[in-house]
Amino acid sequence: MEEGVIKKLMASVKCGVCGQRYEVDNISILSHHEDLWFLSASCVACDTQCLMVAIIKKDKVVKVITDLTEAELDKFRHMDKLTADEMLDMHNFLKDFNGDFSQLFS
Ligand SMILES: [Zn+2]
């Protein structure tokens, strides 16, 4: 999928701090693995840096998880070593996951 398309899709996501929508120019794609995309975005209004994991299928954002810490993102970014089965598990996990990473890792 085109990175420009991904950025456009992610521009509909709002800043978790102030509610401002992210702008395409302020979104960076860090890496991706099949339908999973890892992005960072900085808010034009409050300058907050946000890390996101998005599941994107056929030009459509299925799920966006935000507010990841660097360590959490790093963990995701190394998933390319996983097997297809493990990826599927992760897909299922993210599908049902409520986004509360602090609870998950506590
Ligand atoms: Zn903001």
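These figures come from a predicted structure and were not determined experimentally.
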Kindly list each side-chain donor-acceptor pair under 3.5 angstrom involving residues 5-20, sequence neighbours excluded, with atom names and distances?
residue	atom	partner	partner atom	Å
Lys7	NZ	Ile27	O	3.4
Ser12	OG	Leu9	O	2.7

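For Ser42, the side-chain contact (heavy atoms from CB on, under 4.5 Å) criterion is met by Asn26, Gln49, not counting sequence neighbours.
Distance check: Lys57 NZ to Glu34 CD gives 10.0 Å after rounding to the nearest 0.5 Å.
Closest approach of Ser40 and Leu51 over heavy atoms only: CB-CD2, 3.6 Å. Trp37 approaches Glu3 most closely through the heavy-atom pair CZ3-CG, 4.4 Å.
Here the side chains of Leu39 and Ile29 are in contact, with some heavy-atom distance below 4.5 Å.
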Practice prompt. Please lay out, stage by stage, how Leu36 and Ile55 fare under the test side chain to side chain contact (heavy atoms under 4.5 Å, CB included).
Written response: CA-CA 5 Å; Leu36 278 171; Ile55 301 170; 3.5 Å; yes
